[in-house]
> 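This structure is in C-alpha cells; I'll ask about it shortly.
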Amino acid sequence: MKRVILLTDFSETARNASLFALKMYDNERVHFQLLNIFDVEFSGSPYIMQVKEEMAEESMRGLRKELSLLHAHYPNSRIELASRFGSMTEVIRKEIEEYDPELIVLGCKGESALEHFLLGSNALEIIKHIHFPMLVVPLKARFSPPEKIVFATDLKEVDISKMATPLNNLVKAFNSELLFLNVLEEEYVNRVEAEEKIASYFPGIKLSFHFIDHDGDLCKSILKFMDENDAKLLTLVRHHHNFFQRMFNPHVIQKMIRHPHHPMLILHEQEKNGD
C-alpha cells in the first residue's frame, strides 16, 4: 500500500494541501500519516519538560481535530496521526526512514507558522537537504485531474530512474500527458539523445518536448508556458547543474511557491556525500 505524509500545522493552508492529496489519491489504496512537528526553542528553561508535555498534548488535540475535519470530506481515508518532537529536518528524515512514504505533502502561502516556515529559509533547507519527493500545494490550488503535467528540465545529465515513481504513478492514474519544457542554455546538448533517454523513463506515456530560450525571468517563463498549455502541475528535479541552482535559489523558490494555483512536485537526485 502506498504511504503519504501530510505535514500539518493545523492552518487552512496545510489543510488545503491535505485535502488536495486526499482527493488526488481518492481512488487508490493509500495510507496517510498526518504529521505535526513541534519543538521547544528555549531548551535551557528549567520548565522544559512541562512545556514539552503541554505542547505534545496540544499537538495531539490539534491532530484529532484536523482528522475530524479531513474525514468530514473523505470519511473512508485511512489516516494515522503522528505527533513528533524535534527539529523539522531531523524528524522528517526519521519519518522517511521508518514510515517509508512515497511522497511528502506541504502547503504554502499565508501567515501561519508552517506557511511562514515554507516561505522562509527552513523550507529551502528541507528542499536542499531532504532528498525526497515533495508535493508543494498553494493555498488557492484545488485538485482536478491533471490532463497535462509540465516537467521543467535543462536536458543535462540527470538520472531520474530512481525518483520518478510518484510522477509515473500520477501520470498513469490520470492518463496525463507529460510536457517536457526544456530550457535552452548556451552549452551544447544533444537533444535527440537526451529526449530518448528521458522517454525511456516513462514507457507507454504520452510525451511531448518543448523548448524555451531563457533570457530573463525563469519563473515567469515556466509559469507562462503552464498557463498557455493549461497544465495543472509543475515537476522539477533538484540537482546540481547551474540551471537548477538558479531555480532553487531563495528568490526563485519563493516566487514559485507563491504562485496561487500551480502545485509543484519536487524530485531529487539520490543523495551523495551528504549533499
Side-chain angles (χ1 to χ4, degrees), residues 1-22 24-25 30-71 74 77-137 139 166 238 257 263-268 271 274:
M1 182 180 290
K2 295 179 184 176
R3 296 172 179 265
V4 174
I5 290 178
L6 309 174
L7 186 61
T8 185
D9 70 340
F10 316 128
S11 67
E12 180 184 356
T13 298
R15 187 173 308 120
N16 179 66
S18 295
L19 290 170
F20 187 101
L22 289 173
M24 185 171 74
Y25 288 107
V30 178
H31 187 287
F32 296 95
Q33 182 192 70
L34 187 63
L35 174 62
N36 176 247
I37 302 170
F38 64 96
D39 201 356
V40 181
E41 296 181 0
F42 45 97
S43 57
S45 169
Y47 305 105
I48 182 65
M49 292 306 298
Q50 178 182 343
V51 172
K52 182 178 176 181
E53 290 175 1
E54 292 174 354
M55 292 181 71
E57 292 174 0
E58 183 66 24
S59 174
M60 283 307 303
R61 280 196 295 269
L63 284 169
R64 287 191 289 269
K65 180 179 178 181
E66 199 68 21
L67 178 64
S68 177
L69 293 169
L70 296 179
H71 269 164
Y74 297 96
S77 296
R78 183 178 178 183
I79 306 174
E80 167 190 334
L81 304 184
S83 173
R84 303 287 186 261
F85 171 79
S87 73
M88 190 73 68
T89 55
E90 290 177 0
V91 169
I92 292 175
R93 278 184 176 143
K94 186 175 180 181
E95 291 304 308
I96 289 171
E97 181 179 347
E98 296 182 355
Y99 188 69
D100 191 28
E102 175 179 286
L103 190 67
I104 297 173
V105 179
L106 310 172
C108 66
K109 196 176 192 322
E111 301 295 334
S112 75
L114 178 62
E115 294 151 4
H116 174 75
F117 148 76
L118 279 166
L119 293 173
S121 60
N122 286 343
L124 302 176
E125 288 301 303
I126 284 183
I127 290 172
K128 180 179 179 181
H129 294 296
I130 298 197
H131 293 201
F132 203 81
M134 302 176 191
L135 179 65
V136 184
V137 182
L139 173 60
R238 186 190 183 277
I257 66 178
M264 290 185 3
L265 177 62
I266 302 175
L267 306 177
H268 295 261
E271 195 163 343

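Side chains included, hydrogens not; waters and symmetry mates left out as well; all remaining heavy atoms used.
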> Would you say the side chain of I37 lies within less than 4.5 Å of the side chain of I92, judging by non-hydrogen atoms?
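Sidechains of I37 and I92: in contact.
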> A side-chain contact here means heavy atoms from C-beta on lying under 4.5 Å apart; do E58 and R61 qualify?
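In short, these two side chains touch, coming nearer than 4.5 Å.
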> Among residues at least two apart in sequence or on other chains, which ones pass salt bridge (Lys or Arg N to Asp or Glu O under 4.0 Å) with K65?
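K65: no salt bridge (Lys or Arg N to Asp or Glu O under 4.0 Å) contacts found.
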> Any chance you could measure L103, atom CG, to L6, atom CG, to the nearest 0.5 Å?
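One finds 9.0 Å between CG of L103 and CG of L6.
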> Is any side-chain heavy atom of L70 closer than 4.5 Å to one of R15?
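Of all side-chain heavy-atom pairs linking L70 with R15, at least one is under 4.5 Å.
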> The test is side chain to side chain contact (heavy atoms under 4.5 Å, CB included); show your working for S18 and L34 and say whether it passes.
CA-CA 8 Å; S18 295; L34 187 63; 4.0 Å; yes
> Considering all heavy atoms of both residues, which atom of F20 and which atom of P263 are nearest to each other, and what is their separation?
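Result for this residue pair: CZ-CG, 3.6 Å.
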> Considering all heavy atoms of both residues, which atom of M60 and which atom of S83 are nearest to each other, and what is their separation?
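Between these two residues, the closest heavy atoms are SD-CB, 3.6 Å.
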> Search all heavy atoms of D39 against all heavy atoms of M55 and return the closest pair with its distance.
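Nearest pair, atom of D39 first, then M55: O-CE, 3.1 Å.
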> First locate atom CG of D100, then atom CZ of R3, and finally report the distance between them rounded to the nearest 0.5 Å.
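Here the interatomic distance stands at 7.0 Å.
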> What residues, two or more places apart in sequence or in another chain, satisfy ring pair (Phe, Tyr, Trp, His ring centres under 6.0 Å) together with H31?
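In terms of ring pair (Phe, Tyr, Trp, His ring centres under 6.0 Å), with neighbours along the sequence ignored, H31 is linked to Y99.
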> Please report the closest heavy-atom contact between I130 and M134, naming both atoms and the distance.
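Heavy atoms only, the tightest pair is O-CE, 3.3 Å.
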> Considering all heavy atoms of both residues, which atom of F132 and which atom of P101 are nearest to each other, and what is their separation?
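Here F132 and P101 meet closest at CZ-O, 2.9 Å.
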> Using a 4.5 Å cut-off on heavy atoms from C-beta on, say whether the side chain of L267 contacts that of P133.
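With C-beta onward as the side chain, the pair touches.
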> Apply side chain to side chain contact (heavy atoms under 4.5 Å, CB included) to M1 and R78, showing your working.
CA-CA 11 Å; M1 182 180 290; R78 183 178 178 183; 3.9 Å; yes
> For the atom pair CD (Q33) and CD1 (I79), what is the distance rounded to the nearest 0.5 Å?
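It is 11.5 Å, given to the nearest 0.5 Å.
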> Looking only at heavy atoms, what is the nearest atom pair of P166 and E102, with distance?
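Looks like CG-O, 3.6 Å.
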> Starting from the C-alpha separation in whole Å, work towards a yes-or-no answer on side chain to side chain contact (heavy atoms under 4.5 Å, CB included) for I104 and L35.
CA-CA 10 Å; I104 297 173; L35 174 62; over 6 Å; no
> Is the closest side-chain heavy-atom distance between L63 and F10 below 4.5 Å?
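Yes, side chains in contact.
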> Answer yes or no: is there a side-chain heavy-atom contact under 4.5 Å between V137 and M24?
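V137 vs M24: side chains apart.
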> A cation-pi test, strictly: NZ or CZ of K2 under 6.0 Å from the centre of the six-membered ring of Y25 and no more than 45 degrees from its axis. Yes or no?
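Output no; distance or angle outside limits.
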> With a 4.5 Å limit on heavy-atom distance, are the side chains of L22 and F32 in contact?
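In short, these two side chains touch, coming nearer than 4.5 Å.
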> In Å, rounded to the nearest 0.5 Å, how long is the span from OG1 of T13 to CG of L106?
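These two atoms lie 11.5 Å from each other.
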> Please name all residues satisfying side-chain hydrogen bond (donor to acceptor under 3.5 Å, both in side chains) with E90, sequence neighbours left out, ordered by chain then number.
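Per chain and number, E90 pairs via side-chain hydrogen bond (donor to acceptor under 3.5 Å, both in side chains) with S87.
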> Is there a side chain to side chain contact (heavy atoms under 4.5 Å, CB included) between N36 and E66 once you walk through the steps?
CA-CA 10 Å; N36 176 247; E66 199 68 21; over 6 Å; no
